[in-house]
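Computation of the quantities below employed the complete heavy-atom set of this structure, encompassing side-chain atoms and omitting hydrogens, waters and symmetry-equivalent molecules. All values reported here derive from a predicted model rather than from experimental measurement. Both ligands and their constituent atoms are indexed starting at 1 by order of listing.
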Amino acid sequence: MEIIDLTEKYHSQYFCCLEDWSDEMKEAGNHKEVWFNKNKDKGLRVKIALEEEKVCGMIQYVPAEYSSIEGEDLYFIYCIWVHGYKKGVGNHQKKGIGKALLQAAENDIKAMNKKGVAAWGLALPFWMKASWFKKQGYQKIDRNGMAALMWKPFTEDALPPRWIKEKKRPQKTAGKVTVTSFINGWCPTQNIIHERAKRAAQEFGDAVDFQEIQTCDRAVLCDWGISDALFIDGKQVRTGPPLPIEKIRKKIRKRVRKLPRR
Ligand SMILES: CC(C)(COP(=O)(O)OP(=O)(O)OC[C@H]1O[C@@H](n2cnc3c(N)ncnc32)[C@H](O)[C@@H]1OP(=O)(O)O)[C@@H](O)C(=O)NCCC(=O)NCCS
């Protein structure tokens, strides 16, 4: 196994989270590629793990000032992923690859003279596990709903980071059902939900006002304090694990039926 910086040869694998076998991934659109191109000159770093020339793991991290946290001289890990499904390249978890990817990223961040690194983690036994980061020496420093913010300072004068938190909610458009989708682009799973919401909203024509809010623009992200989320008539919809389009459609239909007859 070797860890290398992402090269163009592996872009397509990286853009689909190493899941080129997944039909669901094909629904994600090109948002991740767009996000990558917008961030690659802003300090975005991606490392991949190769096993016999096949990508089996990845880690992506950006300077805090281009991420969902407030922090100074820090990097933020948006995602670490060691392929864990039988399909495609197969399950490579629990063989030390995650640890090696994180170590390579930390060494890289230290070499850039940054003061520390942050990452998000969940208390749930799937997705990004906070417990795994804890085992790698990270401490919990903040919380935003279910997402813990973990960090590892490298220097004594490193200042603790904070989540950027929700500042306002989308408003309802009079006489219509309002579907508001916040999309950042870094996460194909979120991108799938965005694309499904857009498709479902379009099916109801004029009765639905679909609003897309691009939070890859940091000023927009800070204005709302929301990175990726779906709202219907100002109420947040729980979207993980990826909500099927039928469920999104059903939620919209329920609201459309309550509209006054036109
Ligand atoms: C978390 C993850 C990166 C770890 O990578 P991995 O290659 O499976 O883990 P490693 O083999 O490197 O594990 C290293 C250590 O962590 C430990 N560990 C594994 N899972 C753990 C957990 N949930 N809690 C605590 N420790 C854990 C291992 O026992 C091992 O300990 P050791 O060093 O004492 O032997 C990987 O499992 C993964 O990708 N999970 C899904 C993450 C995800 O959802 N990413 C997408 C989010 S957008």
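Of the inter-residue distances, the one linking Q236 atom CD with I226 atom CD1 reads 7.0 Å to the nearest 0.5 angstrom.
Between the side chains of H11 and E33, no donor-acceptor pair of N or O atoms lies under 3.5 Å.
Nearest to atom 28 (C) of ligand 1 by heavy atom, out of K135, Q60, Q103, H92, is K135. Of all the listed residues (W81, W120, W132), W132 holds the heavy atom that lies closest to atom 4 (C) of ligand 1.
For ligand 1, none of its N or O atoms has an N or O atom of C187 under 3.5 Å away. Geometrically, ligand 1 and W186 share no nitrogen or oxygen pair separated by less than 3.5 Å. The shortest N or O to N or O distance between G98 and ligand 1 is under 3.5 Å.
The atoms of ligand 1 that sit less than 4.0 Å from any heavy atom of C79 are 46 (C), 47 (C), 48 (S). In the vicinity of G96, heavy-atom distances shorter than 4.0 Å reach the ligand 1 atoms 10 (P), 11 (O), 12 (O). Proximity to K94 (heavy-atom distance under 4.0 Å) selects the following atoms of ligand 1: 6 (P), 7 (O), 8 (O), 11 (O).
Checked for salt-bridge contact, E24 and R196 meet the test: a charged N lies under 4.0 Å from a carboxylate O. Using a 4.0 Å cut-off between charged side-chain N and carboxylate O, R249 and E203 make a salt bridge. Under a 4.0 Å N-O distance rule, the pair K167/D223 does not qualify as a salt bridge.
With a 4.0 Å cut-off on non-hydrogen atoms, K134 does not touch ligand 1 at all. At a heavy-atom cutoff of 4.0 Å, ligand 1 is contacted by both the backbone and the side chain of Q93. For S131, heavy-atom contacts with ligand 1 shorter than 4.0 Å involve the backbone as well as the side chain.
Every residue two or more places apart in sequence or in another chain was checked for a ring pair (Phe, Tyr, Trp, His ring centres under 6.0 Å) with F154, and none qualifies. Considering only residues two or more places apart in sequence or on other chains, K54 meets the side-chain contact (heavy atoms from CB on, under 4.5 Å) condition with V89.
Within the 4.0 Å heavy-atom shell around ligand 1 one finds Q136.
When each of I4, L18, I3 is tested with I48 by the rule side chain to side chain contact (heavy atoms under 4.5 Å, CB included), just one qualifies, namely I4.
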